[in-house]
Amino acid sequence: MLVLKRKTGEALKIGEDIEITVVKIGDNAVKLAIDAPQGVTILRTELIKEVISENKEASEGSIELLKDLKL
Amino acid sequence: MELKTKVHGILEYCEQDIITFDKGIPGFEEYKKFIIAPFKGNEVFKVLHSIDNEELGFILISPFEFMKEYEFELSASIIEQLKVENPEQVAVYNLITLNSDIKKITANLKAPIVVNVEKKLAHQVILSDERYLVKYPLIKEE
């Protein structure tokens with residue numbers, strides 16, 4: 001795990017194709033600009049965690065009620 | 001062939017029905033091979049079941065059963081990963097989260113299961129569209 005300090009306007013290059021620039025530093029949040037090729041998926045980590053948690057919940061539970069469900 | 005499952009009884013399938021999730025399903029990445037079978041008891045639903053783990057199954061629904069306007073773009077990397085050559089090859093499903101209260105049964109519109117039905121490849125795609133919820137209720141309050 002690499003931990004770096006960057007000031008507003010400074011940037012990081014990841015691999016050959018990804019660059020992250022610190023646009024603005026605020027009290028509670030930092031604004032980042034990400035330059036990456038079209039093929040690279042960029043997602044908020046909490047969204048991925050939410051999907052993982054939902055998948056785990058979806059893998060369990062009683063299917064009985066579904067038999068009566070009409071849309 | 002027969003797949004013995006914990007919750008769905010015996011599911012019949014052929015070798016060529018097997019769908020591969022190259023990256024697995026988030027939270028269950030070690031399981032890559034699944035089948036999609038009809039859900040006995042309600043033809044609106046299907047079962048997505050692991051062939052390697054008899055306890056790992058999900059309920060699927062086609063989003064067009066309840067939201068005709070559901071749409072999203074497939075990124076170039078997904079198209080490449082699933083070897084999609086034309087739109088007819090693609091089927092989309094959403095995972096259902098069960099609940100003992102029928103009004104709390106939800107579909108995950110945020111992370112659809114995208115399948116190339118010809119090449120038997122699939123992936124759970126996470127959308128950044130804010131309109132689509134992880135917990136979309138299937139039954140609307142009147």
Side-chain angles (χ1 to χ4, degrees), chain A residues 1-4 6-71, chain B residues 7-8 24-29 31 39-42 44-45 47-50 53 55-62 65-67 75-81 94-108 110-113 123-128 130 133-135 138-140:
Chain A
M1 176 72 83
L2 181 62
V3 180
L4 298 173
R6 299 275 69 195
K7 297 187 182 146
T8 307
E10 291 182 334
L12 285 174
K13 192 92 182 281
I14 299 176
E16 298 288 313
D17 307 314
I18 301 171
E19 187 161 50
I20 305 179
T21 308
V22 178
V23 172
K24 183 171 148 186
I25 300 173
D27 276 347
N28 266 323
V30 60
K31 192 178 242 180
L32 302 169
I34 304 159
D35 190 6
Q38 273 242 321
V40 176
T41 309
I42 302 171
L43 293 170
R44 292 167 169 75
T45 302
E46 68 271 16
L47 179 53
I48 301 173
K49 289 186 176 166
E50 198 185 341
V51 170
I52 288 175
S53 165
E54 192 70 19
N55 284 350
K56 290 189 174 164
E57 213 185 315
S59 69
E60 291 164 4
S62 166
I63 55 175
E64 286 312 305
L65 275 185
L66 289 180
K67 298 181 180 169
D68 302 319
L69 211 163
K70 289 190 186 17
L71 292 176
Chain B
V7 167
H8 299 280
I25 291 176
F28 301 95
E29 287 83 353
Y31 301 105
F39 175 71
K40 297 164 205 155
N42 193 328
V44 154
F45 300 104
V47 178
L48 174 69
H49 211 287
S50 166
N53 179 343
E55 297 188 2
L56 184 61
F58 300 92
I59 304 291
L60 297 179
I61 191 170
S62 161
E65 297 280 348
F66 59 93
M67 188 185 273
S75 69
S77 70
I78 296 297
I79 290 173
E80 200 186 311
Q81 188 190 320
N94 301 102
L95 294 180
I96 296 286
T97 301
L98 301 164
N99 198 294
S100 50
D101 179 347
I102 204 166
K103 295 194 287 294
K104 293 188 178 158
I105 294 178
T106 58
N108 186 345
K110 188 69 134 197
I113 303 290
H123 185 74
Q124 182 173 33
V125 176
I126 301 178
L127 306 175
S128 38
E130 287 179 6
L133 303 176
V134 168
K135 286 188 187 288
L138 282 189
I139 307 285
K140 290 292 161 52

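Below, chains carry the letters A, B, ... as their sequence lines are ordered, and counting in each starts from 1.
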message: Is Val134(B) close to chain A through its backbone or its side chain, or both, or neither, when contacts mean heavy atoms under 4.5 Å?
response: both
- prompt: For the candidates Glu55(B), Glu80(B), Gln124(B), Gln81(B), which exhibits the highest count of non-hydrogen atom pairs separated by less than 4.5 Å from chain A?
  reply: Gln124(B)
- request: Please look at Ser53(A) and chain B and tell me whether the side chain, the backbone, both or neither of the residue comes under 4.5 angstrom of a heavy atom of that chain.
  value: neither
- prompt: Lys49(A) versus chain B, heavy atoms under 4.5 Å apart: side chain, backbone, both or neither?
  reply: neither
message: Between Ile63(A) and chain B, with a heavy-atom cut-off of 4.5 Å, which part of the residue counts as in contact: side chain, backbone, both or neither?
response: both
message: Looking at Glu130(B), I want to see if its CD is surrounded by more than 12 non-hydrogen atoms of other residues, nucleotides or ligands under 6.0 Å.
response: no
- request: Please look at Leu56(B) and chain A and tell me whether the side chain, the backbone, both or neither of the residue comes under 4.5 angstrom of a heavy atom of that chain.
  value: side chain
- prompt: Ile48(A) versus chain B, heavy atoms under 4.5 Å apart: side chain, backbone, both or neither?
  reply: both
- request: Select one option (side chain, backbone, both, neither) describing which atoms of Leu127(B) are under 4.5 Å from chain A's heavy atoms.
  value: backbone
- prompt: Relative to chain B, which segment of Ser59(A) carries a heavy atom at a distance below 4.5 Å: side chain, backbone, both, or neither?
  reply: both
query: At what distance, to the nearest 0.5 angstrom, does CG of Leu95(B) lie from CG of Asn55(A)?
result: 5.5 Å
- prompt: Rounded to the nearest 0.5 Å, how far apart are CD1 of Ile139(B) and NZ of Lys70(A)?
  reply: 10.5 Å
- request: Hey, could you give me the CD/NZ distance between Glu50(A) and Lys110(B), rounded to the nearest 0.5 Å?
  value: 7.5 Å
Per-residue contact mode, Ile61(B) against chain A (heavy atom under 4.5 angstrom): side chain
- prompt: Hey, which of Asp68(A), Ile52(A), Leu69(A) has the most heavy atom pairs under 4.5 Å with chain B?
  reply: Leu69(A)
message: With a 4.5 angstrom heavy-atom cut-off, is it the side chain or the backbone of Leu71(A) that approaches chain B, or both, or neither?
response: side chain
More than 12 heavy atoms of other groups within 6.0 Å of Lys56(A) NZ: no
- prompt: Where does Ile105(B) contact chain A at under 4.5 Å (heavy atoms): side chain, backbone, both or neither?
  reply: side chain
- prompt: Checking heavy atoms, do the side chain of Glu60(A), its backbone, both or neither come under 4.5 Å from chain B?
  reply: backbone
statement: Note: Lys67(A) and Asn42(B) closest approach over all heavy atoms is O-ND2, 3.9 Å
message: Need one label for Ser100(B): side chain, backbone, both or neither, based on atoms under 4.5 Å from any heavy atom in chain A.
response: backbone
query: Are Leu98(B) and Leu65(A) close enough, and set up right, to give a side-chain contact (heavy atoms from CB on, under 4.5 Å), and what steps lead you there?
result: CA-CA 8 Å; Leu98(B) 301 164; Leu65(A) 275 185; over 6 Å; no
